[in-house]
Amino acid sequence: MMKDPVTIPTGITYDRESIEKWLFTNKNKNCPVTKQVLSNPDLTPNHTLRRVIQSWCTLNGIERVPTPKPAVNISQITKLLSNAAKSSPQMQMKCLKRLRSIASTSETNKRCIESSGGVDFLASLVKNNNTSTASLEACDHDGFEFTKPSDEALSILFSLQLSESALKSLTMKNGEFIDSLLNILQVGCYESRAYAVLLLNSILEVEEPGQLVALKPEFFVELVQILLDQISPKASKAALQLLINVGRWGRNKLKAAEAGAVKVLVDLLLCSSEKRACEMMLTALDQLCQCAGGRAELLKHGAGLAVVSKKILRVSKVGSERAVRILLSISKYSASPSVVQEMLQLGVVSKLCLVLQVDSGSKAKEKAREILKLHARAWMNCIKGLKQSIYRLDFNLPVILLI
C-alpha cells in the first residue's frame, strides 16, 4: 500500500520508500516507468494523493497512514554540523545521535546529509581518532556503547550508504583517510573494526588502481586478523571481498600471502559449509595461488590440497571451477615429484576424473583435463583403474580422458 506518495521530475508518482530504494539503495539512475535518466532525483511530496489515501482509509475502516515526517533541508543539516564542530565532546555526541536519527528516517535525508558537507565532517572526526581522549557513553542502534565521537561518526558514515562520487571524494578531500581506517582496524573496538572494514570495502571498490597498488602490508595483516576474529558474518565477507578486489593489483597477492592469508583461508574452509562464503574463500585462494608465495603457503599447510579437493562438487559450479583452478596453478608451477604423489594419495586425481564425468561446468572440465594431461605419466595406473571401475559400473558412461 502506498503510504507516502512522492513525485519525481518525470511526473510519475511512487511510494517514497520504494523509489528511494530504487534510486539510492540499488543505485539506479532512471525512472522505472519512463526509463528517463534522472540527473536530479528530487522527490516532491504529493499531498493531494496522500489526502486521497487517507480518505480511502477512513471510508474503509482502515487505520489511517501516519503523516510522514518532512524531509530535512540543507540549512538544518548545516546548522547541526556547525553546532557539532564547535561543541564539547559531550555535545558532539548529542549532535551525532541526532544526525543518526535523521539519517535513519529516509534515504532522502541520507542524501541531504551527503550534500550538506556531512561526509567531510564525519570523516574529520574519524581522522581524529588517534588524538580523541573523550570517554563518553552513547549507544548506537544495535545497543553497543561507543566511547568516542570518532566511533559514532564511523558508524554513521557507513549507515549513509554513500554514493560512488561521495566515496571517491572521501579519500580525495580527506588525506590519509584510509590510514585512519587502518588504525581503527589495529586498535579499535570490535564494532568499530567491523564498520571500518565494511567502509573500506565500499571505498576501495571505486578507488583508482594507483591507490590499490600502494596499500601497505599492515592492511593485509589486519584483514587476516578480521577473518581470524570472526567479528561478524558481514565483516568477514567484507574482508574476503577486499582480498579479492585488491589482490589483482601490483604485489598485493604476495603481501596477502606473507600476512598469513592462505593459512587462515584453508582453516576457514575446513569448517565452513555456507555456499557464498566458500565461493569467496576459494576465489581468494585462487588469486593467492597465482604467486609463488601463495602456492608455497598452500602446500605448507597440512590440509591445503585436501580441503581444496574436498570442496570440488560440494559447493557450487563456481566453487568447483575455482578449486580446480587452484589445483591447476599448483600442477603447472609447483608440482615437484612429492607434490604430484601427494595429490594422488589425497584422492585429488580421483576427484579430477569425477569432474569429467558429471555436470561440473565446462570451465572446470577443461582445467581438470589440463591437469590430468600434465601429469599423465605419474598418474597413469590410477587413471586406468578409475576408467575400468567406471566402465564396470555403467558400460555406457563415457569417460572423457584425452591423454
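Both backbone and side-chain heavy atoms feed into the values below; hydrogens, waters and symmetry mates do not.
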Salt-bridged, [X] to [Y], with N to O below 4.0 Å?
| X | Y | result |
| --- | --- | --- |
| K255 | E258 | no |
| D179 | K216 | yes |
| E152 | K97 | no |

- prompt: Do Q186 and N183 pass the side chain to side chain contact (heavy atoms under 4.5 Å, CB included) test, and can you show the C-alpha distance, the side-chain angles, and the key distance before you say yes or no?
  reply: CA-CA 5 Å; Q186 293 170 329; N183 179 70; 4.1 Å; yes

Any side-chain to backbone donor/acceptor pair from [X] onto [Y]? Under 3.5 Å, distance only.
| X | Y | value |
| --- | --- | --- |
| D15 | D4 | yes |
| S82 | T78 | no |
| S192 | C189 | no |
| T105 | S101 | yes |
| N28 | W22 | yes |
| R295 | C289 | yes |
| Q36 | C31 | no |
| S360 | V355 | yes |
| H375 | S331 | yes |
| K351 | S309 | yes |

Going from [atom1] on [X] to [atom2] on [Y], what distance comes out if it is rounded to the nearest 0.5 angstrom?
| X | Y | atom1 | atom2 | result |
| --- | --- | --- | --- | --- |
| K21 | S18 | NZ | OG | 8.0 Å |
| S159 | L198 | OG | CG | 11.5 Å |
| K237 | L242 | NZ | CG | 14.5 Å |
| L254 | E297 | CG | CD | 10.0 Å |
| L240 | L268 | CG | CG | 7.5 Å |
| L282 | R325 | CG | CZ | 11.5 Å |

Pairwise side-chain contact, [X] with [Y], heavy-atom cut-off 4.5 Å (strictly under):
| X | Y | value |
| --- | --- | --- |
| V6 | T44 | no |
| Q287 | I244 | yes |
| L346 | M343 | no |
| L38 | K29 | no |
| F177 | I203 | yes |
| S202 | L162 | no |
| L181 | L154 | yes |
| L285 | L269 | yes |

field: Residues which pass salt bridge (charged side-chain N to carboxylate O under 4.0 Å, His left out) with R111, listed by chain and number, not counting sequence neighbours
entry: E107, E114

query: With sequence neighbours left out, what residues match K332 under salt bridge (charged side-chain N to carboxylate O under 4.0 Å, His left out)?
result: E370

For [X] and [Y], work out which heavy atoms get closest and say how close.
| X | Y | result |
| --- | --- | --- |
| P149 | M93 | N-CE, 3.5 Å |
| N252 | G247 | CB-CA, 4.1 Å |
| K365 | V358 | NZ-O, 2.6 Å |
| S116 | I77 | CB-CG2, 3.6 Å |
| V324 | I371 | O-CD1, 3.6 Å |
| I226 | R193 | CD1-NH2, 3.7 Å |

E366, CD: over 12 other non-hydrogen atoms inside 6.0 angstrom: no

message: Counting only heavy atoms from other residues, nucleotides and ligands, does the tally under 6.0 Å from CD of E17 exceed 12?
response: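 No, the 6.0 Å shell around CD holds no more than 12 heavy atoms from other groups.
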
message: Assess the residue pair R16 and S106 against the criterion (side-chain hydrogen bond (donor to acceptor under 3.5 Å, both in side chains)); give the C-alpha distance rounded to whole Å, side-chain angles, the decisive distance to 0.1 Å, and a yes or no.
response: CA-CA 9 Å; R16 180 184 291 277; S106 69; 5.2 Å; no

- prompt: Taking S316 as the fixed residue, which of R276, E279, K275, R322 is the one that meets the side-chain hydrogen bond (donor to acceptor under 3.5 Å, both in side chains) rule?
  reply: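 Among R276, E279, K275, R322, the one meeting side-chain hydrogen bond (donor to acceptor under 3.5 Å, both in side chains) with S316 is E279.
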
field: Donor-acceptor pair between R314 and S320 side chains, under 3.5 angstrom
entry: no

- request: Take Q230 and S236 through the side chain to side chain contact (heavy atoms under 4.5 Å, CB included) test and state the conclusion after the steps.
  value: CA-CA 6 Å; Q230 294 289 286; S236 295; 3.4 Å; yes

- request: Could you give me the CA-CA distance, side-chain angles and deciding distance for T7 and T13, then say whether side-chain hydrogen bond (donor to acceptor under 3.5 Å, both in side chains) is met?
  value: CA-CA 4 Å; T7 303; T13 296; 2.8 Å; yes

message: Apply side chain to side chain contact (heavy atoms under 4.5 Å, CB included) to residues L344 and Q341 and explain how you reach the verdict.
response: CA-CA 5 Å; L344 184 61; Q341 188 60 30; 4.0 Å; yes

field: From CA spacing to verdict: side chain to side chain contact (heavy atoms under 4.5 Å, CB included), L204, N245
entry: CA-CA 8 Å; L204 295 183; N245 288 344; over 6 Å; no

